[in-house]
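All remarks here apply to the structure that follows.
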Amino acid sequence: MAEINTKLYEILKERGLLYQCTDEEGLKKMLESGAPITLYEGTDPTADSLHIGHCVPYCILRRFQQAGHKVLLLMGGATACVGDPTGKVEMRKMLTKEQVEQNIEKIKNTLKVFLKFDGDNPAVIVNNADWFKGYDYIDFMRDIGVHFNVNKMLSNEVYVERMKNGGLTFFEMGYMLMQAYDFVHLNKKYGCVLQYGGQDQWGNIVAGTELQRKLNYANGTDVQLIGATNPLLMTPEGKKMGKTEKGAIWIDKDKISAYDFYQGVYQTPDACVEMMFALFTDVDMKDVRTMIEKDIVGAKKTLSFEVTKFVRGEEDAIIAQKMSENLFADGGDDAPIFEIEKSECPIGICDLLFECGLAPSKSEARRLVQGGAITFKGNKVERFDMLVSAEDIGDGALLKKGKKNFLKIQLI
């Protein structure tokens with residue numbers, strides 16, 4: 001077992017990553033004791049990919065894993081079929097079990113950016129569909145439902161928006177019971193004592209700790225569970241971060257180019273730059289605050305490079321940085337270079353746009369061409385089936401997407 005970093009509580013506080021806690025003194029003692037703990041964070045796989053705003057909890061779990069603690073990542077195969085009503089004005093679209101399973105498989109690869117799933121102390125993915133499957137409804141309500149007061153549930157902030165806009169379904173109210181039971185079950189099976197999540201999950205997280213307290217009273221046990229939250233990554237307008245005017249800042253490389261990812265991070269509102277550094281980098285927070293105070297533009301450039309390097313790798317970060325540094329240049333000798341083997345020519349323009357990273361997919365490349373957004377050697381590309389030959393490229397040819405995104409194509 002790796003040595004435990006007893007400074008983790010101090011790190012979480014310094015970086016502003018601990019917002020609420022059901023027992024902060026107990027958490028502090030736990031993390032400073034030198035003994036490993038098991039914690040979990042729950043994710044409902046309602047989509048097949050993640051954008052940067054979804055990944056705040058994984059940044060925190062990464063720090064726990066690096067500190068030597070055991071991380072469980074709960075995929076809500078069962079709860080995703082219900083849908084979390086937290087903060088929603090209408091009922092979420094219900095997913096089929098097959099859709100949920102497909103989403104889980106696709107998300108697993110994305111999570112490898114943040115967590116280790118092999119070697120010493122690997123993170124473990126669990127699915128609550130495994131323990132809800134076969135749990136008789138009557139038994140569940142007798143065991144768990146009996147400990148929940150409906151009046152108290154309806155006063156919870158979790159349900160505020162839904163109550164304002166027509167009320168809840170009984171189906172949705174079951175979500176809190178299920179998430180609370182998840183915590184109790186993970187404690188029994190894995191010895192899990194801490195649940196971490198976004199601040200909007202506070203009501204659901206507290207429900208788990210209170211359920212265990214009531215079970216202690218009923219069963220004569222003394223199991224102590226702690227719930228904690230991190231602040232949400234919010235814009236000054238009160239919207240969750242993760243999307244820009246151009247679209248979502250996806251983690252998956254096949255959904256966004258390195259340049260668009262870099263630029264998406266660069267568009268981080270000034271007020272959110274410190275939190276982005278705290279979450280996605282290991283830069284010392286004193287240095288971060290000094291940087292922000294002296295030069296917010298320079299700080300955002302550093303942030304964009306560091307986050308791109310962390311999520312996509314250093315090569316993509318360097319490419320995106322060079323492209324960004326030359327936004328207003330004509331291209332020429334200062335343009336970032338993309339090399340292509342002569343044997344690959346002739347190559348379709350859509351294939352070239354995808355391979356060089358100016359388009360995240362070939363279908364998007366086709367759309368860009370049809371929209372008149374692509375120029376090659378100063379000429380607008382009119383046909384998406386255009387072929388680029390070695391002779392066309394010659395000693396180097398400028399390929400541009402719009403006015404600001406460009407690469408110099410060279411043969412090797």
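Computation of the quantities below employed the complete heavy-atom set of this structure, encompassing side-chain atoms and omitting hydrogens, waters and symmetry-equivalent molecules. Model, not experiment: these values are computed from the prediction. Sequential numbering from 1 along the given sequence is applied to the chain's residues.
Under the ring-ring contact (aromatic ring centres under 6.0 Å, His included) criterion, His54 pairs with His51, not counting sequence neighbours. Here Phe277 pairs with nothing under the ring-ring contact (aromatic ring centres under 6.0 Å, His included) rule; sequence neighbours left out. A search for ring-ring contact (aromatic ring centres under 6.0 Å, His included) contacts involving Tyr135 returns Phe140, Tyr181, not counting sequence neighbours. Glu344 meets the salt bridge (Lys or Arg N to Asp or Glu O under 4.0 Å) test with no other residue; sequence neighbours excluded. Scored by the side chain to side chain donor-acceptor pair (under 3.5 Å) test, Arg15 finds no partners at all (sequence neighbours excluded). Under the rule for a side chain to side chain donor-acceptor pair (under 3.5 Å), Tyr266 has no partner lying at least two apart in sequence or in another chain. Residues meeting the side chain to side chain donor-acceptor pair (under 3.5 Å) test with Asp182, sequence neighbours left out: Asn128, Trp131.
The ring-ring contact (aromatic ring centres under 6.0 Å, His included) pairs that include a residue from residues 3-42 are Tyr40-Phe183, where partners are two or more places apart or lie in different chains. The stretch residues 66-78 participates, sequence neighbours left out, in no side chain to side chain donor-acceptor pair (under 3.5 Å) pair at all. For residues 355-398, the set of pairs meeting the ring-ring contact (aromatic ring centres under 6.0 Å, His included) definition, not counting sequence neighbours, is empty. Listed by first then second residue, pairs satisfying side chain to side chain donor-acceptor pair (under 3.5 Å) with a partner in residues 299-313 read Asp270-Lys300, Arg312-Asp316, not counting sequence neighbours. Among residues at least two apart or in separate chains, salt bridge (charged side-chain N to carboxylate O under 4.0 Å, His left out) pairs with a member in residues 368-383 are Arg383-Asp385.
A salt bridge does not link Glu364 to Lys401: none of the charged nitrogens lies less than 4.0 Å from a carboxylate oxygen.
Shown here is Lys116, whose NZ atom has more than 12 heavy atoms of other residues, nucleotides or ligands within 6.0 Å.
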